[in-house]
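Residue numbering restarts at 1 for every chain, and letters A, B, ... go by the order of the sequence lines. All figures in this text were calculated on a predicted structure; none of them were measured in a lab. Both backbone and side-chain heavy atoms feed into the values below; hydrogens, waters and symmetry mates do not.
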Protein chains: 2
Amino acid sequence: MAKQSQRLSRDVLIDCAMTLADAEGLGAVTIRRLAQENGVTPMAMYWHFNDKEALLDAMAAHLVGAVKLPAATDAPWDAQLRDVLDAIAVALRPHPTVAGMAARQVLIAEAGLELTERVLALLATAGLEPRRAAEVATFLFCSVVALVAGDPGQREVATDEDRESRIRYKTASLAALPPARFPHLIAAAPGLVSCFGQDDFFDLNLDLLVQGVRGIR
Amino acid sequence: MAKQSQRLSRDVLIDCAMTLADAEGLGAVTIRRLAQENGVTPMAMYWHFNDKEALLDAMAAHLVGAVKLPAATDAPWDAQLRDVLDAIAVALRPHPTVAGMAARQVLIAEAGLELTERVLALLATAGLEPRRAAEVATFLFCSVVALVAGDPGQREVATDEDRESRIRYKTASLAALPPARFPHLIAAAPGLVSCFGQDDFFDLNLDLLVQGVRGIR
DNA sequence: ACCTGAACACCGTTCAAGT
DNA sequence: ACCTGAACACCGTTCAAGT
């Protein structure tokens with residue numbers, strides 16, 4: 001009775017594409033590869049998506065939809081804003097290679113609209129007028145995306161050993177810089193090279209963003 | 001006498017690639033297209049760049065090198081940090097489609113190392129220990145990049161008329177949302193849709209970042 | 001040192017056609 | 001409604017070769 005007959009569906013394909021992106025990077029997400037992964041002709045994809053851009057948009061919308069917006073409370077605006085930003089980061093972090101495309105769906109996907117409305121409401125409570133709230137809300141979302149997707153070493157997915165050896169190499173080459181010219185850089189080298197993906201990196205910088213909003217009121 | 005004989009050089013090619021990216025987007029930057037633009041065979045590019053990744057890295061490094069780091073003064077750390085962030089934004093803004101790749105060269109290009117050293121020194125003055133300074137410096141750079149490159153509508157380069165009509169369309173579709181559910185979003189619609197590229201958008205959010213650093217000390 | 005020519009394995013996409 | 005087959009214009013890249 002159920003329409004189980006069709007072997008493919010948009011959702012299955014999006015899931016498959018996400019898995020592909022997580023495992024081999026966004027470059028592996030290809031019309032032809034996605035078709036092959038599902039035992040079907042490349043042209044079959046064009047029934048489910050208008051073109052490749054539509055596929056990528058669907059992936060981004062899926063990610064925006066994964067944000068579990070916390071219920072509104074009577075806590076102070078800054079605590080609530082912090083929780084919302086955290087919820088965004090939590091949703092994006094499992095798919096860092098896809099996260100970079102999330103911004104283009106935040107004003108399109110239903111979940112993105114709700115999220116934006118919520119942030120704007122909190123910013124209004126904080127005392128920002130609509131125009132400034134709009135600019136700040138836009139930037140906050142882009143910043144959280146940058147926090148998750150910004151890892152330059154994340155663009156090529158690699159094994160843990162590969163990543164560790166690259167981190168060691170990069171730390172060493174920074175440590176080898178002339179100490180007279182780059183004292184702070186040398187002292188900070190481990191943090192600069194390995195901060196991405198760490199919990200405290202997210203915590204610290206999400207705090208920074210919320211404190212920043214406090215500061216510009 | 002001078003080695004003017006060679007028709008091509010790395011720098012000429014990088015400049016050409018930047019122009020191409022500005023005019024037609026990063027998707028137009030292609031080994032084959034770049035060769036054609038210079039009246040030469042695609043394979044000639046492989047003399048000047050190991051592969052396409054090396055070309056893109058060179059473009060990113062060029063952008064990082066374009067940052068005019070302001071001279072250190074005895075002004076308070078937050079004023080100086082603000083000036084440094086501003087200098088980064090000023091350098092990146094003319095090439096928004098390329099800006100997204102800048103982060104991967106900031107710890108590699110010479111100019112990026114100087115820039116990072118400077119920011120770390122200011123953060124140390126602000127009272128952050130090296131580890132936290134490293135995490136904040138990394139995030140600050142990624143955030144400024146996001147501020148410049150984050151425009152979702154910038155990915156396809158278009159004429160001004162195209163951009164304006166798309167902004168009108170997007171504003172209208174946001175304004176048509178149910179007012180009961182999205183009151184703040186509707187009030188903020190113009191700002192949400194058209195804030196990218198505006199001077200006050202940069203000013204406000206660079207302030208936010210500096211204030212954020214103040215807040216987490 | 002700097003560039004070419006031919007070839008290969010990949011892309012996205014269109015169009016007509018099948019069931 | 002959902003998928004196939006053949007074809008087209010594009011990619012990045014290698015390898016041997018030219019000057």
Side-chain angles (χ1 to χ4, degrees), chain A residues 1-61 97-98 100-101 104 155-158, chain B residues 1-61 97-98 100-101 104 155-158:
Chain A
M1 213 64 198
K3 296 217 308 178
Q4 195 131 1
S5 60
Q6 52 192 12
R7 307 207 308 96
L8 265 43
S9 73
R10 257 183 88 92
D11 291 327
V12 165
L13 291 173
I14 291 170
D15 260 27
C16 181
M18 300 286 292
T19 307
L20 216 43
D22 295 339
E24 305 181 35
L26 209 54
V29 177
T30 272
I31 294 281
R32 295 178 112 105
R33 175 72 186 276
L34 190 58
Q36 174 191 322
E37 216 73 27
N38 291 86
V40 104
T41 294
M43 290 69 77
M45 297 299 97
Y46 288 90
W47 178 258
H48 301 278
F49 304 97
N50 278 333
D51 53 17
K52 191 182 179 183
E53 196 187 359
L55 167 63
L56 296 177
D57 285 348
M59 295 171 71
T97 64
V98 187
M101 305 187 299
R104 35 193 218 215
R155 124 191 81 143
E156 337 94 11
V157 182
Chain B
M1 213 66 198
K3 298 216 310 178
Q4 195 131 2
S5 59
Q6 50 191 13
R7 307 209 308 95
L8 264 46
S9 73
R10 258 184 88 91
D11 289 328
V12 165
L13 290 173
I14 292 170
D15 260 27
C16 181
M18 298 287 293
T19 308
L20 215 43
D22 295 339
E24 305 181 34
L26 209 54
V29 177
T30 272
I31 294 280
R32 294 178 113 104
R33 175 73 187 276
L34 190 59
Q36 175 191 320
E37 216 74 27
N38 291 87
V40 103
T41 293
M43 290 69 77
M45 298 298 99
Y46 288 91
W47 178 259
H48 301 279
F49 303 97
N50 277 333
D51 53 16
K52 190 182 180 183
E53 195 187 359
L55 167 63
L56 296 177
D57 285 347
M59 294 171 72
T97 64
V98 187
M101 306 187 299
R104 37 194 219 214
R155 124 190 84 141
E156 337 95 12
V157 182

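In this structure, Met43(A) places its CE atom 13 Å from P of dC11(C), rounding to the nearest Å. Taking atom CG of residue Leu8(A) and atom C1' of nucleotide dC3(D), one finds them 10 Å apart after rounding to whole Å. Taking atom CG on Leu34(B) and atom C1' on dC10(D), their separation rounds to 16 Å, with Å as the unit. Atoms CH2 (Trp47(A)) and P (dT14(C)) sit 15 Å apart, rounded to a whole Å. dT14(D) atom P lies 16 Å from atom CZ of Phe49(B), rounded to whole Å. A straight line from CG of Leu55(B) to C1' of dT13(D) spans 14 Å, rounded to a whole angstrom. In this structure, Arg32(B) atom CZ and dC10(C) atom P are separated by 15 Å, rounded to whole Å. For Gln36(B) and dA9(D), the CD to C1' distance is 13 Å, given to the nearest whole Å.
Partner assigned to dA9(D) is none, using Watson-Crick or G-U wobble distances below 3.5 angstrom. Nucleotide dA16(C) forms a pair with dT4(D), judged by Watson-Crick or G-U wobble geometry with both contacts under 3.5 Å.
An OP1 or OP2 oxygen of dG12(D) is reached within less than 4.0 angstrom by a side-chain nitrogen or oxygen of Thr30(B). In this model, the phosphate group of dC3(C) is approached by a side-chain N or O of His48(B) to a distance below 4.0 Å at OP1 or OP2.
Both Val40(B) and Asp51(A) lie near DNA chain C, and the one whose nearest nucleotide falls closer to the 5' end is Val40(B). Mapping Pro42(A) and Tyr46(B) onto DNA chain D via the closest heavy atom, the residue that lands nearer the 5' end is Pro42(A).
Looking at Arg32(A), its side chain never comes within 3.5 Å of a backbone N or O of Pro42(A) through a donor-acceptor pair.
Of the candidates dG5(C), dC11(D), dC3(D), the closest approach to any side-chain atom of Thr41(B) belongs to dG5(C).
Between the CG atom of Leu20(A) and the CG atom of Leu26(A) there is a distance of 9.5 Å, given to the nearest 0.5 Å. Rounding to the nearest 0.5 Å gives a distance of 5.0 Å between CZ of Phe49(B) and CG of Leu55(B). With rounding to the nearest 0.5 Å, the separation of NE2 in His48(A) from CG in Asp11(A) is 11.0 Å. Between the CD1 atom of Ile31(A) and the OG1 atom of Thr41(A) there is a distance of 13.0 Å, given to the nearest 0.5 Å.
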